[in-house]
> 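Dropping a structure here in structure tokens format, bear with me for questions.
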Protein chains: 2
Amino acid sequence: MSTTPPATPPNPPTAPTRRATITDVAREAGTGKTSISRYLNGEFSALSPELRARIEAAIARLDYQPNQMARGLKRGRNRLIGMLVADLTNPYSVEVLQGVEAACHALGLMPLICHAANEVEMERRYLQLLTTYRVEGVIVNALGVREETLRPVGDGGIPAVLVDRRVEGLVADMVGLDNGAAAELGTRHLLERGFENIRFVVQPFERVSSRRQRVDAFDRAMRDEGRARGHTLVLDLADETAVERGLAELDRAIDSLDGAGTAPRVALFAANAPVALRLALHLNARYGAHWQSRVALLSIDDPDWAELAGITTIRQPTYDIGYRAVEFLHERIEGAQTGARDCLLPGELIVRASTAR
Amino acid sequence: MSTTPPATPPNPPTAPTRRATITDVAREAGTGKTSISRYLNGEFSALSPELRARIEAAIARLDYQPNQMARGLKRGRNRLIGMLVADLTNPYSVEVLQGVEAACHALGLMPLICHAANEVEMERRYLQLLTTYRVEGVIVNALGVREETLRPVGDGGIPAVLVDRRVEGLVADMVGLDNGAAAELGTRHLLERGFENIRFVVQPFERVSSRRQRVDAFDRAMRDEGRARGHTLVLDLADETAVERGLAELDRAIDSLDGAGTAPRVALFAANAPVALRLALHLNARYGAHWQSRVALLSIDDPDWAELAGITTIRQPTYDIGYRAVEFLHERIEGAQTGARDCLLPGELIVRASTAR
DNA sequence: CTGTTAGCGCGTTCAT
DNA sequence: ATGAACGCGCTAACAG
């Protein structure tokens, strides 16, 4: 690294210009604070055109911008909502975020994005912070934790909407993929395409409701087809040693099943994009660029590299999920008292070379 | 979509429990607000152990949480900084963000993440918003726009640090990749590996300083090697028609250059990951999975799919960039009056199959 | 139509 | 060691 000297002349040590307040504007316009406040809130019907003009001029002259903090303090509402994201490196989260932002824009809300980075402690801290900043509501894409850590939200606390994952013991609105239908869709697709050996690969799912639902639906779909039950491989991506153990097990299965001539290939059903990526990287390293001729890969989530790799996916309606979550939250903020609602959106199967006939 | 009926019993219409205020706590503890305030600020030396205990009890009983808004209003500082991101779908941004978050955590700052989604209008709105919320500073990964839209920050306004991109007419600290060195590194690597035909592919760069620097460095490096000058292809990813036109031109170049038997392959040098992805998708569609035997691809940025696709990259020290930016900003917030500083960090070449011998 | 007054929740003198 | 009173920037009654 190189910290180079200033490329531009040093700025003159301007006195940290104190921002103008409503009082300054009032004085500048030769009137009282109230009129300024009225002007700011669009109550023009109560302002003479003449006064209004003077105020406009004063505001422009002072480059005045109302202090939202003070506003919120008085009003009791600040139009802020929190968006707590478990893992921004997962493209799913970013896509949901876009829906959230669009909806906020439309509803006059301001989303504060907080990134827990898969750390329970971070989640706790941010939740605490959002609470002390008195956001009007939160959208929570929670880590797989129990209700305890999200004490301040939900029932007695500030309004909350869950995204993708439910939290044990917390009654709140919930928006996400219809995991059951999606996993079934994927499983049936693989069966239709003639894959006999299907393995569902998922991160530890005991504490994450969406993963659990996907596993369950996979098992059910396999049973419905007469299979005893599907094989499931749990891959804890946070533990590299465990991952390698799991992948070794997978390799053995592939080798033993795959040996017999033109036997149908093994199919892997990844529960989400991070898992799919890890699998693809491993298979690519082990079997070379042609790994897809030995193993088919299907994944829930449709990251941008899926098209490049040619793997089949089930795309989530991420944008809609985010948008809907904000709508739910907005209704709550406006005082809706209905019981906890669920909104389950369907996934879309995108067939690519990996499972094409 | 299916909006199912409540999965849980409707919550009893709890009266929207007003949060306890400092006054409530004072009353509950049988004392005045001042003592509570002192307690909150850790001025224990001025509190009898007995009173302190009573306060602790009262706070616990009321589940009191101080209102940060009111606090900030009074103090004049709220420990909030804004992080304005141009495009969160670019993995680069998310990675920088992680560095930002870590640094904020360490320095007791709270980052408000704002996502402009490549819309100048959004950028303007968020900047306005951050200003009215009186954040103490902003880190700006600006769109390629002129100073005008970021009027409120920089010199006379709130402290600002630029990330990756400089903004014309705005003097402020800047942290980012050493673009010149990185582009040169990549170019030399390709030349060393014997590629005769190198084409630099970049999004419209007139208004984005980092892109401009990369193009310039590429040209310079080519000239230094005796080449007249490198070919550059501009791809405006926001305009699909234009993209296809550009790719068609590229195809012609590849076909004409590549025909002669075992001629050295063409090399493409992508200025960043989004461009690289678009190129890879196109080449994959046109030449099939084996496109890399006809075209080599090198990219600045190292997205997760790069390993999978086996393309060579120049990884940016994204985490450090974010961390450093916050450090700079923090110094400014604390009153540092030095002139605008630059911090240019080096990229790391990661050689993969695409350009391996 | 317009200005005065009284807080919102909290920190800060300044007495006690 | 403790508390009363004032003010931060703004909005909301309540007069005039």
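Just so you know, these numbers use all the heavy atoms, side chains as well, and skip hydrogens, waters and symmetry mates. Chain naming here is simple, since letters A, B, ... match the order of the sequence lines and numbering starts at 1 in each.
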> Grab the CZ-C1' distance between R54(A) and dC1(C) for me, whole Å please.
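Roughly 13 Å, once rounded to whole Å.
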> CG of L107(A) to OH of Y323(A): how many Å apart, nearest 0.5 Å?
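Nearest 0.5 Å value for the CG-OH distance: 6.0 Å.
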> Please classify the nucleic acid contact of Y64(B) as base, sugar-phosphate, or nothing, using heavy-atom distances under 4.0 Å.
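Here Y64(B) touches the backbone only, sparing every base.
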> For R77(B) and dC8(D), what is the distance between atoms CZ and C1' respectively, to the nearest whole Å?
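After rounding, the gap between these two atoms is 16 Å.
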> Between OG of S35(B) and CG of L51(B), what distance do you get to the nearest 0.5 Å?
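Result: 5.0 Å between the selected atoms.
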> Test your reading of the model: is there a side-chain donor-acceptor pair from Q65(A) to the backbone of T131(B), 3.5 Å cut-off?
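Pair absent, no side-chain N/O of Q65(A) close to backbone of T131(B).
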> Atom CD of E327(A) and atom CG of D173(A): how far apart are they, to the nearest 0.5 Å?
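It is 12.0 Å, given to the nearest 0.5 Å.
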> Pick base, sugar-phosphate or nothing for T21(B), based on heavy-atom distances below 4.0 Å to the nucleic acid.
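If one applies the 4.0 Å heavy-atom cut-off, T21(B) turns out to touch the sugar-phosphate alone, with no base involved.
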> Is there a donor-acceptor pair closer than 3.5 Å between any side-chain N or O of S93(B) and the backbone N or O of D87(B)?
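Flag set: sc S93(B) to bb D87(B) pair under 3.5 Å.
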> Round to the nearest Å and state the distance from K33(A) atom NZ to dG3(C) atom C1'.
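Rounding to the nearest Å, NZ of K33(A) and C1' of dG3(C) are 12 Å apart.
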> Is it the case that the base of dG3(D) and the side chain of R38(B) share a donor-acceptor contact (distance under 3.5 Å, atom types as modelled)?
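Counting by modelled atom types and ignoring angles, a donor-acceptor contact under 3.5 Å is found here.
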> How long is the straight-line distance from CD of E101(B) back to CE of M83(B), given to the nearest 0.5 Å?
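The CE atom of M83(B) sits 9.5 Å away from the CD atom of E101(B).
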> Expressed in angstrom and rounded to an integer, what is the separation of N41(B) atom CG from dT13(C) atom C1'?
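Going from N41(B) (CG) to dT13(C) (C1'), I get 15 Å.
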> Remember a base hit wins even if backbone is also touched, and classify Y39(A) as base, sugar-phosphate or nothing at under 4.0 Å, heavy atoms.
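The residue Y39(A) makes no contact with any strand.
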> Give the angle between the helix axes at the two ends of the helix from dC1(C)-dG16(D) to dT16(C)-dA1(D), taking five base pairs at each end and rounding to 10°.
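Inter-axis angle at the ends, rounded: 40°.
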> If you take all heavy atoms of R165(A) and A86(A), which pair is closest and at what distance?
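Heavy-atom minimum between the residues: NH1-CB, 3.9 Å.
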> Testing L84(A), L80(A), I158(A) one by one against V138(A) for a side chain to side chain contact (heavy atoms under 4.5 Å, CB included), which residue passes?
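Option passing the side chain to side chain contact (heavy atoms under 4.5 Å, CB included) with V138(A): I158(A).
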> Is there, by distance only and without an angle test, a donor paired with an acceptor across the side chain of R19(B) and the base of dG9(C) below 3.5 Å?
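Between dG9(C) and R19(B), which were checked side chain against base, a qualifying N/O pair under 3.5 Å is absent.
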> Tell me: CD of E43(A) to P of dG3(C), nearest whole Å?
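The answer, rounded to whole Å, is 14 Å.
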> For dC1(C) and S48(A) - does any side-chain N or O of the residue sit under 4.0 Å from the phosphate oxygens OP1/OP2?
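No, no such contact exists.
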> Determine: side-chain N/O of T23(B) to OP1/OP2 of dC10(C), distance under 4.0 Å, yes or no.
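Indeed not, no polar side-chain atom of T23(B) lies that close.
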> Would you kindly give the CG-to-C1' distance between N67(A) and dC8(D), to the nearest whole Å?
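For the pair N67(A) CG and dC8(D) C1', the rounded distance is 9 Å.
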> Describe the nucleic acid contact of I36(B) in one word from base, sugar-phosphate, nothing, applying a heavy-atom distance below 4.0 Å.
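I36(B): no heavy atom of the nucleic acid under 4.0 Å.
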> Can you tell which of dT2(C), dG11(C), dG3(D) lies closest to the side chain of L40(B)?
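Selected nucleotide: dG11(C).
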> Between T34(B) and dT12(C), does any side-chain N or O lie under 4.0 Å from OP1 or OP2?
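No.
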> Only one of L109(A), I333(A), L329(A) forms a side chain to side chain contact (heavy atoms under 4.5 Å, CB included) with E136(A), so which one is it?
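Running side chain to side chain contact (heavy atoms under 4.5 Å, CB included) over L109(A), I333(A), L329(A) with E136(A) returns exactly one hit, I333(A).
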> Quick one: N78(B) CG to dG9(C) P, roughly how many Å, whole number?
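Taking atom P of dG9(C) as the reference, CG of N78(B) is at 18 Å.
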> Output the distance between atom CD1 (I22(B)) and atom CD1 (I59(B)), rounded to the nearest 0.5 Å.
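Reported value, rounded in 0.5 Å steps: 8.5 Å.
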> Under 4.0 Å from any atom of DNA chain C, heavy atoms only: list the residues of residues 69-76 of chain A that qualify, in numerical order.
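Result for residues 69-76 of chain A: L73(A), K74(A), sorted by number.
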> Taking the nucleotide of DNA chain D with the closest heavy atom to each, which residue, R52(B) or I22(A), is nearer the 5' end?
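The residue whose closest nucleotide sits nearer the 5' end is R52(B).
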